[in-house]
A.B. asks: 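Take this structure first; my questions come after.
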Amino acid sequence: MEQDEKQLDQLIKKVMTYDTPEAAPADFTSKVMAQLQPVKTSAVTTHKPLIPTIAWIVIGVLFVGVATWIMFNADATKGGYLQQFMAGTDLPLQWNFNGSKTLFYAVLGLVAMLGVQIFILKDYFEKRLAV
Amino acid sequence: MTPTNDQSIIKAVANGDTLAYAQLVDRYKDLVFNVALKLLQHREEAEEVAQDTFIKVFKQLSSFKGQSKLSTWIYKIAYNNSLDRLKKNKKYRNDVPIDGFTTERLKCVDNALEQLIEAEKQQLIKNSLAQLPEDYRLVLQMFYFEDLSLQEMAEIINIEANTVKVKLFRARKKLATILEETMQQQHKIMYYGTG
């Protein structure tokens with residue numbers, strides 16, 4: 001078996017010497033270089049995000065922090081500083097949001113789903129656009 | 001040109017010296033052109049894909065971190081580009097069944113090849129290689145011409161090194177089968193005519 005494989009390798013090695021690689025056309029380099037000029041100028045308009053990644057991270061951390069604080073300190077918000085402050089003003093800000101638990105879990109689920117999808121989509125597009 | 005020179009060209013290109021890139025193209029154009037040609041089997045298309053490969057290499061050069069050899073990295077881009085074109089053209093080749101080969105059968109193929117004159121031999125081998133599926137043709141080229149290791153081949157094709165080994169083995173067998181069939185047909189024509 002091993003002898004067969006060795007012989008097969010030797011035969012193919014011999015056969016492959018007859019399939020010599022071909023040279024690229026003579027004007028190949030100049031054609032590539034001619035196409036590089038438009039590429040070079042378009043590099044000026046490279047995409048740069050308006051809000052840097054670090055800012056998004058800070059916003060995310062703040063948002064999660066505030067949401068967590070509200071969730072675990074629901075009672076503390078009742079009659080808290082905001083309401084005390086608002087009581088002293090004439091603004092008609094008397095909102096009292098009493099959503100059902102189902103709505104709460106639905107919104108939470110939606111946010112979680114969105115969070116997961118962002119990473120999946122990012123991964124998908126990165127792979128697609130990779131060389 | 002040594003790898004150090006590759007590095008200096010990369011640096012020069014990064015510093016805005018576009019003309020330095022011409023040296024890189026000159027150095028690797030045959031390699032890229034042959035990858036495309038082996039997969040596409042069409043000179044004009046291969047040239048187009050090879051040019052496109054060098055445009056991509058230029059755009060991505062700043063992201064090359066030197067984790068692999070520059071040639072391997074360029075090879076990989078050329079391979080992916082050619083595959084994309086193949087998919088676009090839907091030009092996948094027919095599948096030739098692989099036979100089990102014994103030493104005796106291999107000797108027969110070898111002897112029959114020896115009896116052919118050089119020009120016939122070259123034509124027959126080129127025709128047989130053209131009948132191989134694209135990926136098999138390419139692994140044979142990478143292994144026997146470019147002297148790439150299984151690991152480097154695995155990196156280019158993006159599969160495990162063991163899978164490359166299997167692919168290489170199957171490619172050898174397939175080529176031997178095609179050679180045998182082609183020579184049997186030629187033998188029939190020589191002795192019994194076309195009618």
Side-chain angles (χ1 to χ4, degrees), chain A residues 1-54 56-57 118-131, chain B residues 16 18-19 21-23 25-26 29-34 37-38 43 46-47 50-60 63 73 76-77 80-81 100-103 105-107 109-110 113 118 121-126 128-129 137 140-141 143-146 168-169 171-173 175-176 179:
Chain A
M1 186 72 178
E2 210 170 282
Q3 178 68 21
D4 293 345
E5 282 185 28
K6 214 173 180 181
Q7 191 135 9
L8 181 64
D9 178 50
Q10 278 169 357
L11 173 73
I12 300 302
K13 200 178 275 177
K14 194 158 79 179
V15 164
M16 290 302 284
T17 55
Y18 286 91
D19 184 45
T20 43
E22 292 188 38
D27 57 349
F28 185 86
T29 307
S30 54
K31 279 183 182 172
V32 172
M33 294 313 286
Q35 288 181 59
L36 279 186
Q37 294 312 315
V39 172
K40 206 188 163 203
T41 49
S42 70
V44 178
T45 56
T46 310
H47 169 72
K48 200 179 169 190
L50 196 64
I51 302 170
T53 319
I54 189 77
W56 281 114
I57 293 170
I118 285 169
F119 289 109
I120 292 171
L121 280 174
K122 189 174 172 280
D123 191 48
Y124 170 76
F125 281 112
E126 267 176 6
K127 274 184 187 160
R128 237 190 104 178
L129 300 174
V131 284
Chain B
T18 318
L19 288 178
Y21 189 65
Q23 289 176 54
V25 178
D26 264 338
K29 65 181 179 185
D30 289 344
L31 179 127
V32 170
F33 179 67
N34 274 285
L37 192 60
K38 283 280 171 291
R43 278 191 76 89
E47 192 184 340
Q51 283 177 18
D52 189 42
T53 299
F54 280 109
I55 305 293
K56 274 194 178 167
V57 168
F58 180 77
K59 284 182 184 171
Q60 303 287 326
S63 69
W73 185 68
K76 191 176 180 172
I77 296 174
N80 286 337
N81 246 6
F101 267 96
T102 58
T103 309
R105 279 180 69 193
L106 286 169
K107 271 183 187 164
V109 176
D110 203 1
L113 266 177
E118 286 300 297
K121 209 188 284 184
Q122 191 153 14
Q123 194 52 50
L124 185 132
I125 289 168
K126 272 195 181 295
S128 303
L129 276 165
R137 202 161 46 230
L140 289 179
Q141 186 195 326
F143 190 75
Y144 290 105
F145 280 135
E146 315 292 348
L168 191 60
F169 178 66
R172 286 191 194 112
K173 272 192 162 182
L175 181 57
L179 278 171

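First the proteins, then the strands, lettered A, B, ... as listed; each starts at 1. If you're wondering where the values come from, they're calculated on a predicted model, not measured in any experiment.
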A.B. asks: Would you mind checking which part of B:N34 comes under 4.5 Å of any heavy atom in chain A, side chain (CB onward), backbone (N, CA, C, O), both or neither?
C.D. replies: side chain
A.B. asks: Side chain, backbone, both or neither: which part of B:A46 has a heavy atom under 4.5 Å from chain A?
C.D. replies: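 Neither part.
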A.B. asks: Under a 4.5 Å cutoff for heavy-atom pairs, which residue among A:T29, A:T17, A:L11 has the most contacts with chain B?
C.D. replies: A:T29
A.B. asks: Could you check whether any side-chain heavy atom of A:L8 comes within less than 4.5 Å of a side-chain heavy atom of B:F169, counting everything from C-beta outward?
C.D. replies: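 A:L8 vs B:F169: side chains touch.
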A.B. asks: Go through the structure and list residues passing salt bridge (Lys or Arg N to Asp or Glu O under 4.0 Å) with B:E47, not counting sequence neighbours.
C.D. replies: A:K31
A.B. asks: Does any part of the side chain of B:F58, heavy atoms only, come nearer than 4.5 Å to the side chain of B:V25, both counted from C-beta?
C.D. replies: no
A.B. asks: Show your working on side chain to side chain contact (heavy atoms under 4.5 Å, CB included) between B:Y144 and A:D9 and close with a plain yes or no.
C.D. replies: CA-CA 10 Å; B:Y144 290 105; A:D9 178 50; 2.5 Å; yes
A.B. asks: Checking heavy atoms, do the side chain of B:L31, its backbone, both or neither come under 4.5 Å from chain A?
C.D. replies: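 Neither part.
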A.B. asks: List the steps, then state whether side chain to side chain contact (heavy atoms under 4.5 Å, CB included) holds for B:F143 with A:M16.
C.D. replies: CA-CA 10 Å; B:F143 190 75; A:M16 290 302 284; over 6 Å; no
A.B. asks: Counting only heavy atoms closer than 4.5 Å, note whether B:L140 contacts chain A via side chain, backbone, both or neither.
C.D. replies: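 B:L140 touches chain A through backbone and side-chain heavy atoms alike.
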